[in-house]
Structure formats: C-alpha cells, structure tokens
S.K.: 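Sharing a structure here in structure tokens format.
All values derive from a computational prediction rather than experimental measurement. We name chains A, B, ... by the order of the sequence lines, and we start the count at 1 in each one.
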There are 2 protein chains.
Amino acid sequence: MNSEAVSKKIYIEIVKKIRMMIDEDGLKPGDKIPSERELSERLQVGRSSVREALRAIELLGLIETRRGEGTFLRDARGNQMVQLLSTFILQDQKAVKDLKDTIQFIEMDCLRVILQRNNDHKIAHYRQTVEVLDDVSDDEFFLKMMELANNHLLYRIWVVLNDFYRSVDLKKEASSKPAYLAVLDALMAGEEKEVIEKYKRLRKLL
Amino acid sequence: MNSEAVSKKIYIEIVKKIRMMIDEDGLKPGDKIPSERELSERLQVGRSSVREALRAIELLGLIETRRGEGTFLRDARGNQMVQLLSTFILQDQKAVKDLKDTIQFIEMDCLRVILQRNNDHKIAHYRQTVEVLDDVSDDEFFLKMMELANNHLLYRIWVVLNDFYRSVDLKKEASSKPAYLAVLDALMAGEEKEVIEKYKRLRKLL
DNA sequence: ATCCGCAAGTGGTCTGACCACGCTGTATAT
DNA sequence: ATATACAGCGTGGTCAGACCACTTGCGGAT
C-alpha cells in the first residue's frame, strides 16, 4: 500500500524514466543528461516535479548538477549518500568499532575471493609494482585487491564503507611495505589460513 | 569544489536541519515530522525547497510521506533506495552471482563475530526455540544471527543486500532444520572451521 | 590573435494556486 | 445513545511562472 503509494508518485516515475533514458542513450559517467526544462517538456510534467526527482538521485550520488552547466551522470559512488546516511545510522561510538570491524571483514572476504580466482600471474605482476614503491597507499592496495577479486558488490560495499570511514575523519594507519608484500606472497601460496594471518598482522590484529 | 557546491545547496542544508531536528526532538521510526508548510516557515525557505529535500530523503528510505496525513520517520531500511540503486548498479547477470556470494560472505562474517562474542547461553536458548519449529525461516534465522553478532553495520548491510536479493525476485532456498541446528551446535562448540563448514553445508556449497 | 560584451541556456529558489486525501468534530437521523 | 454523513481543516502532490546566478559560446572591436 505504502510502497504502491510511493511508486505512484510522479517524481518516482520521473526517476524511472530518466533511468531508461540513460540506458537507451547509453550514457556514461561524465555525460550530460537533458536539462530540467527539456525533461519537463519531454515527459510532460512540471519542472518542479523534475527537480524533485533530480534532487533525489543527486543525493544518492548518481548525478551531479552544476548551475549554468547542466546535469551530469556520475559513478554510483554515493559520497553524499554516505555522508547523510552516516548521520542517521552512525550514532554512537560502538558503531565506529563496528565500521572498522566490518571493513576488515570485507577485506578478508575479498582476499578469500582472490584465492578462488587463481590469478597468480596478476598478483605477481602487482607484487612487482608494490616492490618498487617507497610507500604503499593502503587504499590503493585494497582497491587493487578489490579489482583482483572481481566481485563488484564487495568492491562497492568496501568503497562506501571506506569513504564513510574517511568521512568520520578517522585516520587509518598505513602499514609497512613488507606487510603488504607478505599478504601478496600468501595469496600466491594459495593458503587461506596464511592469507588471513598475514592480513591480521597487517592490520595489527595479532 | 563540486562537493562544496553541492553542500551549498539549500535542499542539502534543509536535510541537515531536518536531521538535527529529529535528533533534538528524539523522534523515532513511526513518529511524524513537521509538515512541509511548517518546515518552510520554521526554516525560512520556500516550500518547494523543503519538498526537494524531503523527496531526496524519502528516496533514501529514511522517511515516508502520505498525502493527507503527513511525513513520518522510518527505519533506515532503504527499500526504495535498494530498488533504485539496483537499476543503476545491477546491470548484468554476473552481479547477481556477486550479490549471492556477498550475502554468503556477510553471513559467514556474522558467524565469526558470534564466535568472538562468547554468548553460548544465548545460542543455546535460541537453539531450543529452533528445535520446536516445524520449519525454519532462513531470514529469521540469520536475522537472529545478526542480532547475536551485535554488529549493527553488518546487520544493516545484510538487510539491504537481502532485501535487494528479494527484490530481484530470486527465491532463496530454505534448508532443513537439522542444517540450522548444526550451525548452532558448531557455534557452541566454538570452532570456526567447523562453523564455516556447517554453514557451507547449509548453503549447499560443499 | 585577443579581449570583452552580450545572448542564450543552464540550474537554484521561491511564491502562489489548486487539487486530492485523510482525519476530526459536529450535526442530524434513527 | 448510537450511527452516519458532511464540512472544515490540515496534510501532501503537482504545477506555472517569475526571477536570479552561473557558464558558455559567439561575434565584434581592437
């Protein structure tokens, strides 16, 4: 009933139509979508209804609007969503601990997935890259791990949680290069137990 | 720059003020928030700007508005958000597999957390509850596991992903009661390896 | 070639009007 | 005393129109 009521709202219909339009036109992040006035005309709805729809998906981080320029598609990396959700959800200190724990679980899951992927050559290749670095960026390291895992959803969850972690302005400790290399070596050895142990050492959980 | 521009938008400021208002008034899910016209007056902004803000957080699933009745706070279970995000993010069949895999990872993580909690008595208590059931609801079972884990973020991620899974209308297989009981027994035994093995049998991954 | 002004198109905010719905209180009928 | 109907009020929903601020592109002047 309630969800039916919501789905009957014009702004929801507009969001759906915008979505279809993006699909049909094959728009990619960075591309411009039709202007408010054009959407209003095309969809035969009021401009303020169009604006309501656009505001909604802008807050989701799906588009961005720039005065005088237009409305652009963006990666579905909801930094605004993260910020706003944080104020509703993250309301106590315990949640910060949960956040940290959860990020670590996602990271360990990611490593387990990599083990299943059997792509030693890619890991080895990345190891060479890491070896010549002076410092290893923790974010870049795990971004690469997410890529190697090839599970888009884990990647997305990790990005959202990580951005969130950043937004509550908690400084994440960087670890030493040998610790990152140890994780990569364990991945290539293929032993899950070893991988998790090295990860825990990286995160100083042991 | 872009995020600065966004944060300067009136509707974003309105969202923030609504958030603060909810906090200060101690509003809970189900409670009514001030009407559009009242918010417009109180915040000294146009009603359409208020509506833009409300539309945005309604789409996030944080509030719901009912014509003739008002605007109500709801659990931050973004079913609409899930639906809409799905059309932007879940665009291929591989993602469905990722979704399933990720839910399973979250569930295993949850079980690992429970192992750390050392609450055998609660597990035992729940086991008694399960034993007298004819059928075990998979959702209820894992909802209970999430509760026992006491990690609100894992719980939230699981709920969102699970709702999402449901929304793409994939039927999740229910398992037999002995399988659920086996997981609970392994939890009480305290052996992580055993727990994960039983879980995998439950999910028919072995 | 460069600079500047202007026009056009964009988004941002607002006011006001009107409609549809739901709730509540009151009047009326039984 | 009770049930029903209706009016009023407050709510959300949609829209038109006005006006402002910003960006970009183009044409003309230097």
S.K.: Aromatic rings Phe142(A) and Tyr199(A): how do their planes relate, parallel, tilted or perpendicular, breaks at 30° and 60°?
M.R.: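 Ring orientation of Phe142(A) relative to Tyr199(A): perpendicular.
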
S.K.: Closest approach of Leu148(A) and Arg117(A), non-hydrogen atoms and distance?
M.R.: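 So the two residues come closest at O-CG, 3.9 Å.
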
S.K.: Atom CG in Leu27(B), atom NZ in Lys32(B): separation rounded to 0.5 Å?
M.R.: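 One finds 12.0 Å between CG of Leu27(B) and NZ of Lys32(B).
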
S.K.: Just to confirm, is there a sub-4.0 Å distance from OP1 or OP2 of dG13(D) to any side-chain nitrogen or oxygen of Arg55(B)?
M.R.: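 Yes, because at least one side-chain N or O of Arg55(B) sits under 4.0 Å from OP1 or OP2 of dG13(D).
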
S.K.: In whole angstrom, what separates Ile33(B)'s CD1 from dG10(D)'s P?
M.R.: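 Ile33(B) atom CD1 is separated from dG10(D) atom P by 19 Å.
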
S.K.: Near DNA chain C, under 4.0 Å by heavy atom, which residues of residues 41-49 of chain A?
M.R.: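 DNA chain C contact set from residues 41-49 of chain A: Arg47(A).
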
S.K.: Polar-atom pairs under 3.5 Å, protein N or O versus N or O of nucleotides 22-24 of chain D: list them with distances, or write none.
M.R.:
residue : atom : partner  : partner atom : Å
dT23(D) : O4'  : Gly68(A) : O            : 3.4

S.K.: When the distance from CD1 of Ile12(A) to P of dG12(D) is rounded to whole Å, what number comes out?
M.R.: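 Rounding to the nearest Å, CD1 of Ile12(A) and P of dG12(D) are 17 Å apart.
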
S.K.: Quick one: Arg51(B) CZ to dC19(C) C1', roughly how many Å, whole number?
M.R.: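 These atoms are roughly 12 Å apart.
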
S.K.: Tell me: CG of Leu54(B) to P of dG13(D), nearest whole Å?
M.R.: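 Answer to the nearest Å: 9 Å.
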
S.K.: Under 4.5 Å between any side-chain heavy atoms of Ile12(A) and Leu59(B), yes or no?
M.R.: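 Side-chain contact under 4.5 Å: yes.
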
S.K.: In Å, rounded to the nearest 0.5 Å, how long is the span from CG of Leu143(B) to CG of Asp138(B)?
M.R.: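 Atom-to-atom, Leu143(B):CG and Asp138(B):CG are 10.5 Å apart.
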
S.K.: Could you tell me the separation between the OH atom of Tyr11(A) and the P atom of dG12(D), rounded to a whole number of Å?
M.R.: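 Checked: the OH to P distance equals 13 Å.
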
S.K.: Would you say dG13(D) has OP1 or OP2 under 4.0 Å from some side-chain N or O of Thr65(B)?
M.R.: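 Yes, Thr65(B) has a side-chain N/O under 4.0 Å of OP1/OP2 on dG13(D).
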
S.K.: Which residue is it: Ile10(A), Thr71(A), Ile18(A), Leu39(A)? I am looking for the one with a side-chain contact (heavy atoms from CB on, under 4.5 Å) to Val50(A).
M.R.: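 Answer after filtering Ile10(A), Thr71(A), Ile18(A), Leu39(A): Leu39(A).
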
S.K.: Atom CD1 of Ile10(A) to atom C1' of dG12(D): distance rounded to whole Å?
M.R.: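 Checked: the CD1 to C1' distance equals 14 Å.
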
S.K.: Send over the distance from Leu59(A) CG to dG12(C) P, rounded to a whole Å.
M.R.: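 Roughly 13 Å, once rounded to whole Å.
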
S.K.: What distance do Ile63(B) atom CD1 and Asp31(B) atom CG have between them, rounded to the nearest 0.5 Å?
M.R.: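 Here the rounded value is 13.5 Å.
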
S.K.: How long is the line joining CD of Glu36(A) and P of dA21(D), in whole Å?
M.R.: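 Atom CD in Glu36(A) sits about 17 Å away from atom P in dA21(D).
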
S.K.: For a quick check, tell me whether the side chain of Arg37(A) and the base of dG11(C) share a donor-acceptor pair closer than 3.5 Å.
M.R.: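 Side chain to base: pair present.
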
S.K.: Enter the distance from Ile114(B):CD1 to Leu187(B):CG here, rounded to the nearest 0.5 Å.
M.R.: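 Answer for the CD1-CG pair, Ile114(B) versus Leu187(B), is 5.5 Å.
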
S.K.: Ignoring backbone atoms, test whether Thr71(B) places a side-chain nitrogen or oxygen under 4.0 Å from the OP1 or OP2 oxygen of dG12(D).
M.R.: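 Affirmative; the distance criterion is met.
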
S.K.: Could you check whether Thr65(A) and Lys9(B), counting side-chain N and O atoms only, form a donor-acceptor pair closer than 3.5 Å?
M.R.: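 Note: Lys9(B) and Thr65(A) side chains meet the donor-acceptor criterion.
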
